[in-house]
Protein chains: 2
Amino acid sequence: MPNLSIGAAAKASGVKVPTIRYYESIELLPSPPRTGSNRRTYDAGDVRRLAFIRHARELGFEVEAIRTLLKLQDEPEQSCAAADAIARDRLAEVERRIASLEALRAELMRMVEGCSHGHVGECRVIEILADHGECRHHLGAEPVALAGGAGG
Amino acid sequence: MPNLSIGAAAKASGVKVPTIRYYESIELLPSPPRTGSNRRTYDAGDVRRLAFIRHARELGFEVEAIRTLLKLQDEPEQSCAAADAIARDRLAEVERRIASLEALRAELMRMVEGCSHGHVGECRVIEILADHGECRHHLGAEPVALAGGAGG
DNA sequence: CTACATCCTCTAGCGACTAGAGGATCAAGA
DNA sequence: TCTTGATCCTCTAGTCGCTAGAGGATGTAG
């Protein structure tokens, strides 16, 4: 299945067309050969690489980490200690995030359970947000950062 | 404690100075009065509002949602159904994120456990990322988006 | 009087895309 | 052959929620 158009590569890999071009622009994906009419052509290897990137992104790996992983992949005689370290870092962060989110969920549940659908004056949601002292746990110094950026 | 400088308001509310100015620029916080030498002066009400915003942001509320909540807060005779709905949305999203992150954690644990510190050729980390088929669960269509934005 | 902290405005940058303009090319049907 | 519409190209600018830095004015402590 060689010589795929960018659209076909997008379909096969699950990475959107503009995102593929973006990955090329940041040199995460090599510039593919072009047809006579200047269109990009991809092969199965590119699709695999794109799927790899997509999967890693879904797992929350940052582009820089993916870049490192791809370099490791390109030189398979290297030690996998570096790849392992990246995954471990990721795991630690994911566990931190889960802990934050669970504290957060507890607080949100407290809010919506306390809401008696009366007036805002007695609304727990507003009240809890207004009174920081009611919040016993500590959500950590850094913001929780789950505002979903790239929604469909 | 009226007539605080922006730095004092920042300290009292836990919101950084440039962030306070940013909130003013997007009209989340009203423009405060200025001194003769053009410096912003805040009072206790502003500090409360800032603390409210900060707390809501820590809980993952988007600025637009906070804007709505603040409007509700300013008119306390309204029904709190809107505030409740916003909090419920937030809760649902948090629960989705937790589920994604737990699937993700399982996969990362599988990765680092499988890594025998040999060569990349046998490295589970690379292998699992490369082979999407090994991933049984589904992380959802949208990206997990936990790349920590504003790390201090 | 001298440091130095704090304040001001302004612009630009971050990450990881997404959206749209404005145009070229391709594939299929009438 | 013509036409329609999908796909492709490049480019710039926008998203979100800030953060960083330039370049200058003002305040405060010793």
Side-chain angles (χ1 to χ4, degrees), chain A residues 3-29 31-42 50 53-68 70 90 93 141-152, chain B residues 3-29 31-42 50 53-67 70 93 141-152:
Chain A
N3 287 357
L4 297 162
S5 71
I6 194 169
K11 224 166 248 169
S13 66
V15 178
K16 288 181 200 157
V17 168
T19 306
I20 294 177
R21 286 196 279 250
Y22 168 71
Y23 286 159
E24 183 182 335
S25 80
I26 62 168
E27 296 182 287
L28 195 59
L29 195 72
S31 298
R34 306 280 185 124
T35 67
S37 61
N38 199 32
R39 303 196 165 195
R40 292 167 177 86
T41 58
Y42 297 93
L50 280 168
I53 294 169
R54 184 192 153 208
H55 195 188
R57 286 291 302 129
E58 279 173 353
L59 287 171
F61 288 84
E62 290 171 18
V63 163
E64 281 317 299
I66 297 172
R67 207 186 289 279
T68 306
L70 284 168
R90 207 85 278 287
E93 178 158 346
E142 54 189 320
V144 173
L146 34 68
Chain B
N3 287 355
L4 297 162
S5 71
I6 193 169
K11 224 166 247 170
S13 66
V15 179
K16 289 182 199 157
V17 168
T19 306
I20 294 176
R21 286 196 279 249
Y22 168 70
Y23 287 158
E24 183 182 336
S25 80
I26 61 168
E27 296 181 287
L28 195 59
L29 194 72
S31 298
R34 305 279 185 126
T35 68
S37 61
N38 200 31
R39 304 197 165 193
R40 293 167 176 87
T41 58
Y42 297 94
L50 280 168
I53 294 169
R54 185 192 154 207
H55 196 189
R57 286 290 304 130
E58 278 172 355
L59 288 172
F61 288 83
E62 288 170 19
V63 163
E64 281 317 299
I66 297 171
R67 208 186 288 279
L70 284 168
E93 176 157 348
E142 55 189 320
V144 173
L146 36 66

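Note on naming: letters A, B, ... go to the chains in the order of the sequence lines (proteins, then strands), and numbering restarts at 1 for each one. Fair warning: this is a prediction, and the values are worked out from it, not measured in the lab.
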Worksheet entry | B/T19 vs D/dT19: side-chain N/O to OP1/OP2 distance below 4.0 Å | yes
Worksheet item: How long is the line joining CD1 of A/I53 and C1' of C/dC17, in whole Å?
Response: 14 Å
Worksheet item: Any side-chain heavy atom of B/R34 within less than 4.5 Å of one from B/R40?
Response: yes
Fill in: Non-hydrogen side-chain atoms of A/Y23 and A/I66 separated by less than 4.5 Å
no
Practice prompt. Nearest whole angstrom, please: distance from the C1' of C/dT6 to the NZ of B/K11.
Written response: 10 Å
Worksheet item: In whole Å, what is the span from the OH atom of A/Y22 to the P atom of C/dC14?
Response: 10 Å
Fill in: For atom CD1 of B/I20 and atom C1' of C/dT9, their distance in whole Å
17 Å
Discussion item. Measure CG/B/L29 against C1'/D/dG17 and give the value in whole Å, please.
Written reply: 15 Å
Item to complete: To the nearest Å, give me how far apart CD1 (A/I6) and C1' (D/dT10) are.
Response: 12 Å
Discussion item. For a quick test of reading the model: is some side-chain N or O of B/S37 closer than 4.0 Å to OP1 or OP2 of C/dC7?
Written reply: no
Worksheet entry | Of A/Y23 and B/V17, the one whose closest DNA chain C nucleotide lies more 5' | B/V17
Practice prompt. Would you mind reporting whether B/N3 and B/T35 have side-chain heavy atoms less than 4.5 Å apart?
Written response: no
Discussion item. Quick check on D/dC8: is either OP1 or OP2 less than 4.0 Å from any side-chain nitrogen or oxygen of A/S5?
Written reply: yes
Worksheet item: Any side-chain heavy atom of B/I53 within less than 4.5 Å of one from B/V15?
Response: no
Worksheet item: Is a salt bridge present between B/R67 and B/E64, judged by a nitrogen-to-oxygen distance below 4.0 Å?
Response: yes
Worksheet item: Which listed nucleotide (D/dC8, C/dT18, C/dC26) is nearest to the side chain of A/K16?
Response: C/dT18
Worksheet entry | Distance-only donor-acceptor test, A/R39 side-chain atoms vs C/dT25 base atoms, 3.5 Å | yes
Item to complete: Let me know the distance between CD of B/E24 and P of C/dC10, rounded to the nearest Å.
Response: 12 Å
Fill in: Residue A/R57, side-chain heavy atoms: nucleotide from C/dA24, C/dC17, C/dC8 that is nearest
C/dC17
Worksheet entry | A/R34 side chain, from C-beta outward: closest of D/dT10, D/dT26, C/dC7 | D/dT10
Worksheet, complete the sentence: Judged by nearest nucleotide, the residue sitting upstream toward the 5' end of DNA chain D, B/G36 or B/V63, is B/V63
Worksheet item: Is any side-chain N or O of B/R40 closer than 4.0 Å to OP1 or OP2 of C/dT9?
Response: yes
Practice prompt. May I have the distance from A/E64 (atom CD) to C/dG15 (atom P), rounded to whole angstrom?
Written response: 8 Å
